[in-house]
Amino acid sequence: MKSERKTRGFGTIAIHAGQEPDAATGAIMTPIYQTSTFAQSEPAVHKGYDYSRAGNPTRTALEKNLAALEDGKYCAAFSSGMGAIDAIVKLLKAGDHVIAGNDLYGGTYRIFVKVFEQFGLKFDFIDMSSARNVKAALKPNTKMIWIETPTNPLLRIVDIEEAAKIAKKAGALSVVDNTFATPFLQKPLSLGGDIVVHSATKYIGGHSDVILGAAITNDDAIAERLYFIQKSSGAVPGPFDCFLALRGTKTLHLRMERHCENARKVAEFLASHPKVEKVRFPGFKTHPNYEIAKRQMRDFGGMVSFTLKNDDIRAAKKLTTLTKIFTLAESLGGVESLIEHPASMTHASLPREVRLKSGLEDTLIRLSVGVEDANDLMEDLAQALDK
Ligand SMILES: Cc1ncc(COP(=O)(O)O)c(C=O)c1O
């Protein structure tokens, strides 16, 4: 759906873009149009909707809202982040080559290698935190550069502007997975990216109660093809899920501010703890890409990862069971704090040698720092580390 133009501040757009009081009743909140089909007055004459796979008013409201938040013209919503990723890769043809990061989300790696390689697409996974590596990985058939930044779970930073420039020059599309940063912190389309993809399951939804994805672009031809794939492949979100995601975006800016504030405090606390080997947080001046993060992000996000001294995988696993406020669970971006062990959970689909080669150590622990009181979060980690 075509979005409204960006003229206002983020919070105003979050609350109002794509949201009109319901024409039939005046309801302030977008109704959940829980219907699969729509009445037609004559064959093929209707009020803009004929079948909910092709389009649904609750989904339209969400798509307009997300497009506006990303400074994009178009958004297609999907039943999951993976559904959105699947649709974007289907823009390619057999024989096309994709460059992606070597510590990207495990599910993205899995669909690339285990699903799309079977259809003749070729993938190279590289350390994208240096633009030189991206340039060196280009092939004559490179048609897509897949950027995740901050990366999951190593929180490396990719220079979006630079990578998008390289893609453009090579005639390839640049896709940015903006799940970790959200449009509140980072606007990939404004930095030259062609498509933004989201697991809206995370910060956009914000309450760990919905699985949803989205692809956003300013390009008319890409949008047309994405809508065609959305309708043809059918990975569309239900109206209730769209309603939940829309409810989430209304407080995205407020939640992100607190996530960022809490993550910094937690990262600083961990960095000072004697049992902690290394803390990865893009907001530390010692982070290798701190300057890029500072330039392309409003703040540094709510994710922190760290390793333990002695590199003992059993100690890392045990620690994840000892916290009382941080819940051991996959996913991230909800109001509640989560802790997880990527090697045995979110990134278990990466072969161990691939995982270690990309720097994802056995004792790496990832925190999704929620919006609780920071002191309680630090106390919780302290008691678990001291056990
Ligand atoms: C960065 C990133 N991209 C995409 C996905 C996939 O999204 P979903 O779980 O909504 O399918 C995830 C899920 O964890 C993710 O972390």
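In listed order, ligands and their atoms are each counted from 1.
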Ligand 1 N/O within reach of [X] N/O, cut-off under 3.5 Å:
X    : answer
I85  : no
G81  : yes
E148 : no
K202 : yes

Can you tell me which residue and heavy atom of the protein come closest to [atom], and the distance to 0.1 Å?
atom                    : value
atom 16 (O) of ligand 1 : N152 ND2, 3.4 Å
atom 7 (O) of ligand 1  : S199 OG, 3.0 Å
atom 15 (C) of ligand 1 : Y105 CG, 3.6 Å
atom 4 (C) of ligand 1  : D177 OD2, 3.6 Å

#### Entry: K309 atom NZ, neighbour heavy-atom count above 12 within 6.0 Å
yes

### Query
Quick one: does T327's side chain have a donor or acceptor within less than 3.5 Å of a partner on A329's backbone?
no

### Query
Cluster question for you: counting only ILVMFWY and a side-chain heavy-atom cut-off of under 4.5 Å, with indirect links fine, are Y33 and L212 together?
no

### Query
Looking at Y203, does the NZ or CZ of R255 lie under 6.0 angstrom from its six-membered ring centre and within 45 degrees of the ring axis?
no

### Query
Taking side chain as C-beta onward, heavy atoms only, is L356 less than 4.5 Å from D362?
yes

### Task
Just jot down the ligand 1 atoms closer than 4.0 angstrom to any heavy atom of S80, in number order.
10 (O), 11 (O)

### Task
Please could you name the atoms of ligand 1 that T201 approaches to less than 4.0 Å, counting only its heavy atoms?
8 (P), 10 (O)

### Between H207 and E336, a side-chain donor and acceptor under 3.5 Å
no

#### Entry: Atom pair CD1 (I325) and CE (M378), whose distance is rounded to the nearest 0.5 Å
11.0 Å

